[in-house]
Structures are given as C-alpha cells and as structure tokens.
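Report on the following structure.
A, B, ... follow the sequence lines: proteins, then strands. Residue 1 opens every chain.
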Amino acid sequence: MPTPLHGHFDYLPPAQGPLPPVGARVRVPFGRRRIVGLVVGHGQGSALPNARLKRIEAVLDETPLLDAPLLNLLRWAADYYHHPLGEVISAALPQTLRQGKLAIARGIERYHVTESGRTIAPDGLTRAPRQASVLRRLQANPEGITLEQLREGQDTDPRAALRALIDKGLVERHHRPCLEPPRDERPDAPALNAAQQAAISSITESLGGFTCHLLEGVTGSGKTEVYLHAIEQVLERGLQSLVLVPEIALTPQLLERFRQRLATPIAVLHSSLSDGERHCAWLSARSGEAGVIIGTRSAVFAPWARPGLIIVDEEHDASLKQQEGFRYHARDLAVMRGHREAVPVVLGSATPSLESLGNVERGQYRRIELPARAGGAVAPRLKVLDVRQQFMDEGLSTALLDAMQRHLDADGQVLLFLNRRGFSPALICHDCGWVADCHRCDARMTWHACARLLRCHHCGHETGLPARCPSCGSPLAPRGQGTERIEQALHKHFPQYPAIRIDRDSTRRKGSLESALAGVREGRYRILVGTQMLAKGHDFPNVTLAAILDADQGLFSVDFRAVERLAQTIIQVAGRSGRALRAGEVLIQTHQPDHPLLSSLLGGGYRAFARTALAERREATLPPYASLALLRAEAVDAQTPLAFLEQARDHLQTLSLPGIHPWGPAPAPMERRAGRYRAHLLLHAPRRQDLQRALGPWLTELARLPGARQVRWSIDVDPADLT
DNA sequence: AGCACGCCGACT
DNA sequence: GTCGGCGTGCTC
C-alpha cells in the first residue's frame, strides 16, 4: 500500500475471478478510503483474525505489472534504504498507474484547430462561452494540445465543447502513437579511435552476464559514441538498453543524437513529461517495444521485457541521489539491478566518484579508459590565479580580465563559472553592519537585482528591498558577487562583446535555455556567465577560455565531499573549453593557491587528485573505506531534535553492536532552516555489513523512544550531502 | 501520508 | 449554540 508504513497488509481474495498474481495491482478498502495497492505475496493465513481482513474489491492487472526481478529489486531497495516498501513501489510507478489507470498505451490524443478554426473569431460564439474559451486556447497552440493540458486551470470538463467544435469542423482530433518511430535514414557513425574500439569490445564481450565497467573518459573523448555502439550491439541481440543521465543532460540535442543513430523507438522518462506521455513511455519500455529506455534517476526502476545493458552517464553526478523521502542512489541501484538481472553495467564519467574508483581498486569494477580527445582536439591548460592582495573588480582579477580580452580579441568565446545565483549573496549596511538575514533560516538573503527582491536560497522566502537600513537608516550595499552582478560587470568591461547569463533564474521560462544555447553556438554571444548549468551536458566548441571565479567556496566546507565536488566541477568546466582544434585555457581564481587539492589537480589532473583524495579518505576511514548512515531530526525548537538523537545514540549503545560508531549528535551545519531546527547523528561503520545489520533493529526501536513523537526524523543510508 | 475523531476558543 | 484550530490514533 502506498503509505509510509513498514510491512504489508493482508486481504481476502476477490469474491470472484482468479487470484491476482504477485506484481499485479488491486483496488482495496484501506481505512476509510479505497486505494490501489500491489500484490507482493500470497499466503494461507494472516497474523490478524480473518474477521478483521477486508476483501480485494477489484483486480486491475491480470498479469503482473511489475515482474519478479523488478519487484525483488524494489524489495531489496526498501530493505537497504530502510524505506517502506509501499512508497518504494510508488516511486517506481508512473502516477497514472499508481492511481489505477489500466496498463494500456493508447497513444496520445491531441486537439488542434482546422484551417477554418484558425481564422474564425471566437467572440462569434456568444451563445457558447465554453466553446469560445476552448477555441481560444487551441488557437493559441496551433500545433495542438492534449486534453490533459486543456483541463489545466479549468474546473469544467472541456470534452463537450470539444465535441461541438469538432462537429462544426473547427477542431480536429489527431492520434499520435506513444513512441516516435525510428528514422528511415541514419547518418554514418564517425570513425572510432583505438581506445573507443577497445571500450566497445570490452562491453559487448561482457553481454549476457554481470560486469560493472567504469568508463573513464575526459570530456570530448567520445563516451557517447561508445554508448551508441554498445547499444547497437545490444539491439542486434534483440535486447533492450537502459540509459540513466542527469536531469540537466537529458536535452533535446542528446535525444536527437540517439534518435538519429539508433534503429529503434526510444522511451524517454523524465520529470517534465505529461502524465500521459510518461504512462505511454513506461508501458512501451515494459512491452519491449522501445529498444532503448533513457531517463533520469527514477528510470532506474523502469520495467523492461528483454534486459540487455545498463548505462549510467555522469555517474558522479549528485542528481543521481534522491535527496528527500526515499533517498536512493540511482547509480548504486543500477549496479545492483545489473547484478541481479545478469546484464553488464557501464558507469561513465570524466571525473568518476571516489566510490567508484574505490570499487575499481577493490577489483569490483573493471576500468576502461578513453584517454585521447576524439577528433584530435587538444586538452586545455589549467592555471591557478592567485588573487591574494590583488585588485578585484566585481570579483574579476586584472589577470583574468586581461586573459578575457586576449581570447575575445582572438575571436574566442569566454565562459565564466560561478556557483552563486542572484546579484549578491548578502545585503549589508556599511554604517552599522546590519545584514539582511532570512528570518526562517540561519542564512543571508540573496539580493536579486533583476527581480528586485531579496530571496532566501534555502527556504524560498522572499521580501522586497528595504529602502534604508532598518537599524540605522543608512543606505544598504550589496556584498559579494552572484551571476547577475558578474553579468552587469561584463557589460561595463566588454561593452563591445555581448554577454549572456545562464542560470536557473535566467532560464526559468520554457525554451529560454534552448534559445540561449543556440545563441552561444551561433556566436551571437561571446561571453557566458553561469552556474552548474553551464558545467554540464552542453558543448560549446568555440569557448577557448573558461574560468572558475571562486574556487575557495569548495575548499572549506564542513562536508568531506566538498573538495571532490570542486575537483569534478573544475574538470567539467575545463571540459567546456578547447573542444575544437584550438587549445583551451582554464583559469581558477583562488585565495588558496597552495591548497594540496589544487596542486594535485593541476599537476596530474583528476587521476592525481583522486589518488590524493582516496589516500585521505583511507586515512580518515571515510567512504569508500567505510559506510555511513545519517539520522536526521528536526523540530520547531533547537533542543528537541538533539534530545531525541541523544536517546537514539544511547539506545544504539545498549544494543552493543560491533563495528558501529555514533558520531554526534550535533546541530546540522545550517541549524535553522525554513523555521525548523535540525540536528544530525552520523553512524560510521568500517564494514558495510555491520551497519546494515544494526540499522534494522535500531530503527524499529527508534519509533518507540519517548522523544520520537516530538520530532520529524528520517534515515539516510549512504548520505551524499551531509548538510 | 490521509483521514477521522475529539476537545477547546471565537463567532452568529 | 456551531465552525474550525491541530493533537492523537489508525489503516489488513
């Protein structure tokens, strides 16, 4: 049942008809509601007396919706992450199927205006206001919209009006099959280098059994080409491939490349699909009609008929770990799924996670390297800019400004990376020191000059700009740089070179990211400034200079993974430059030019950094040389969460489990967030099995602790983010 | 999570 | 006298 309750619920078989098989959905009475559940087992008796059992009211699937291997994977995941099975199953199903819609893919119906419907004035329909309103919506979307979209923001059923409009010949209904059919013509594949060929044979030779390959290739080394060839081999064997990518990388360009090259329908699963589209795509993955399933994190639970190959692209990417509710890691589950279903798994990255490198070290994963940049492109040169005691204009050092001028004058494009949205991360009073704080979080408000408001990036709270300092009445000044402010500074320094900002704020409108990227590719913009969005997934072949404006942020975090993320970001940003035949240049502004991380990264690249970082992790017995689980608690006051976690820690000690060390409890790094106080208790275990053995019994008891009712608490196994 | 029950405060 | 605030308890 889709509830946050552990365990299962027993029901009597339906009054008539066959017993629903394991993996089928049923509609059952549950409390005062009737909801959809999934059959996870059959039994002869129940722990409850028969009189208290209710009866299954309807069987929604004659055959299992989830096959045994997938359901067993979900069981394993529920167990490993200590999350209720009902919610795990919910996470694996599209909303339509969760709600009981039949498992039939009918394709997608779209409505659009006819030639006469396009030109007629809707105001003419004075006696039919609903038809007029529907007609207006359709005229605004001449390419057609679905019934679902038409219903949005409307409480009346538009179907009657649609029917009337169709009868009048103003509107037509069009049926689109669920999957785009494969293209008739495919372009020739580019020539492969020796490393790519070796990678492809290594993968294809492992088909039919489980092997985990770590495909390590710098940006531009042609990883995607390796994926495409491996997928073609899988298709030739009549099998399906499952491809996981970060949200940000699942762009129309990537899909277009897959569609051009692969002779199979492709099922796409990601968050901006409509319910109908997701329903369709999911079922076509399940039926085997789609030879390739490509999607973000939750696609790791996509069903398939003929398992062939699993690919996880950008396996180091943080978006693969779900950060709330059921906190699973899609990469780890992909590996487990490959293992259980006996298919090879390919983890691809230019900057592999230290976890995966640890698995290579242990002999668990097989490493494949793609050293050269495909097409003979030259690797970029990385250089640290020591900005200590240097004059900085709006966060830009003179050395950086000079370099930018040089590259711009030589017809290159320049990319500036700053992981901070808004105009300035703080607004302060120069006279008395007053700072605009968020009143719900332990954080400063960020000043957004474009939107003219102060916004908290942690809870979303917004306020207007105070005209004067509320404390002393003096004028207020923005302090520190965000992308908006850099963009403004660029207009001042390089008025002759058009600049564009690319971040979550500037691309909020649908299609604006695509048009911005097109503008960059066509050379309409010469300077790009932006956040993570710029670092991932997009190719900018004419960028010859990339700069990280503030590397210091990543060097002093409380989270031991921050340096790993910084190193990955630097290499990913560097990968944006020098992709054509020109050598790129990468500049890193920092106040810590001698930091060992930066030295190893610059001296020996990501490999050298990873060696240093792994040695440090081993020394400190941190992952991948230990396992962690994080117990979080929050409440409206500061004391209750800490008190609960202390009880939890004390209880753990009474269980006297070997090999488990409680670290904490302690207030969370940002203690107050969205008006709630948060605290952490970290469990550290050198051996994963010890942690797994301990968590079950411990968590069962936690719910009974006296403090448990006063806090919101949750467990995060293998936490990725300790803040 | 949802949903209902139940017990206190402020409105017609 | 009723509406509605959220604490508490239950879901086979």
Side-chain angles (χ1 to χ4, degrees), chain A residues 1-61 64-66 71 74-75 77-79 81-101 271 275 298 301 322-328 440 631-637 639-641 643-644 647 674-678 699-717:
Chain A
M1 304 306 301
T3 75
L5 302 166
H6 286 272
H8 63 268
F9 294 85
D10 293 338
Y11 282 87
L12 298 169
Q16 56 220 320
L19 203 60
V22 168
R25 291 169 303 154
V26 289
R27 196 180 293 281
V28 295
F30 190 70
R32 261 143 271 243
R33 297 177 291 163
R34 295 166 66 249
I35 52 181
V36 176
L38 194 99
V39 179
V40 294
H42 297 146
Q44 291 301 321
S46 171
L48 263 73
N50 271 18
R52 284 193 51 201
L53 299 185
K54 294 181 182 171
R55 195 170 284 284
I56 289 173
E57 283 180 359
V59 177
L60 301 177
D61 305 300
L65 185 67
L66 299 179
L71 183 54
L74 297 175
R75 279 199 174 96
D79 194 51
Y81 290 104
H82 296 277
H83 200 79
L85 180 60
E87 289 201 333
V88 172
I89 290 172
S90 280
L93 293 176
Q95 204 206 333
T96 49
L97 293 168
R98 281 202 295 268
Q99 288 173 349
K101 186 170 169 167
S271 64
D275 288 345
S298 65
F301 303 120
Q322 175 127 336
Q323 291 290 15
E324 72 218 13
F326 171 30
R327 294 168 173 264
Y328 63 97
R440 306 173 65 212
L631 181 65
R632 304 166 197 267
E634 57 173 66
V636 288
D637 70 310
Q639 218 35 60
T640 331
F644 167 69
Q647 292 168 12
R676 303 180 69 85
Y677 289 84
R678 313 173 309 138
L699 292 170
T700 326
E701 292 302 317
L702 284 193
R704 299 201 191 112
L705 290 177
R709 316 243 15 187
Q710 282 128 47
V711 297
R712 252 189 233 161
W713 62 274
S714 64
I715 188 76
D716 188 351
V717 179

Value in whole Å for how far the [atom2] atom of [N] lies from [atom1] of [X]:
X	N	atom1	atom2	result
A/Arg33	B/dG2	CZ	P	7 Å
A/Arg52	C/dC10	CZ	P	10 Å
A/Arg32	B/dC5	CZ	P	6 Å
A/Arg55	C/dC12	CZ	C1'	13 Å
A/Leu48	C/dC10	CG	C1'	13 Å
A/Arg709	C/dG7	CZ	P	12 Å
A/Asp10	C/dT11	CG	C1'	13 Å
A/Glu324	B/dA1	CD	P	12 Å

Considering every strand and a 4.0 Å limit on heavy-atom distances, what is the contact class for [X]: base, sugar-phosphate, or nothing?
X	value
A/Phe30	base
A/Leu5	base
A/Pro2	nothing

Can you tell me if A/Arg98 uses its side chain to pair, donor with acceptor, with the backbone of A/Leu93 under 3.5 Å? yes
Is the ring centre of A/Phe301 less than 6.0 Å from the ring centre of A/Tyr328?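 Under 6.0 Å, so yes.
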Check: A/Tyr11 and A/Ser46 side chains under 4.5 Å, non-hydrogen atoms: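 Side-chain contact under 4.5 Å: no.
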Got a salt bridge between A/Glu57 and A/Arg27, using NZ or NE/NH1/NH2 to carboxylate O under 4.0 Å? no
